[in-house]
Amino acid sequence: MTVKMLIWGVLGVSLFLLLFIVFKKKLGFGWLTMFGAHLVLAALGLYLVNYSGLLSEVYIPLNPATIGTVTVLGLPGVAMLYGLKITLMG
């Protein structure tokens, strides 16, 4: 029970601090639009890599972990996922 309360506490504090930074710096919600665009482009990039036939021997699944990696790292993230897939999965 205490671990669950601790997790909810950390989530609440994190949410409060994120909202504080957004409104204190007057960022508005433009950053959310930019993040959404990066997220869509990451999913589209992975989809194109999987189904274009450029890397026919490897399939990188579309899941939150891979899309998040490509969202944060960009094109080098696709290369990293490709390398990990070949190295770990054969």
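In this chain, residues are counted from 1 in sequence order. Side chains are part of it too, since the values below use all heavy atoms of this structure and drop only hydrogens, waters and symmetry mates.
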Ring pair (Phe, Tyr, Trp, His ring centres under 6.0 Å) partners for Tyr47, two or more places apart: Tyr51
ILVMFWY cluster, Val40 and Leu62 together (side-chain gap under 4.5 Å): no
Shared hydrophobic cluster for Val78 and Tyr59 (ILVMFWY, side-chain gaps under 4.5 Å): yes
ILVMFWY cluster, Met80 and Ile60 together (side-chain gap under 4.5 Å): yes
Set of residues satisfying ring pair (Phe, Tyr, Trp, His ring centres under 6.0 Å) with respect to Phe20, sequence neighbours excluded: none
Interatomic spacing from CG in Leu46 to OH in Tyr82 - rounded to 0.5 Å: 14.0 Å
Remaining members of hydrophobic cluster (4.5 Å side-chain criterion), Leu17: Val13, Phe16
Shared-cluster residues of Val10, by chain and number - hydrophobic side chains joined below 4.5 Å: none
Crowding at CG, Leu75 (>12 non-hydrogen neighbours, <6.0 Å): no
Nearest-0.5 Å distance that lies between atom NZ in Lys85 and atom OG1 in Thr66: 10.0 Å
Nearest non-hydrogen partners of Thr87 and Gly83, listed with the distance: OG1-O, 2.7 Å
In one Ile/Leu/Val/Met/Phe/Trp/Tyr side-chain cluster, 4.5 Å: Met34, Leu19: no
Hydrophobic cluster (4.5 angstrom, side-chain heavy atoms) - remaining members for Leu48: Leu44
Distance-only check: which donor-acceptor pairs under 3.5 Å involve side-chain atoms of residues 67-74, not counting sequence neighbours?
unit_1: Thr69; atom_1: OG1; unit_2: Ala65; atom_2: O; d: 2.8
unit_1: Thr71; atom_1: OG1; unit_2: Ile67; atom_2: O; d: 2.7

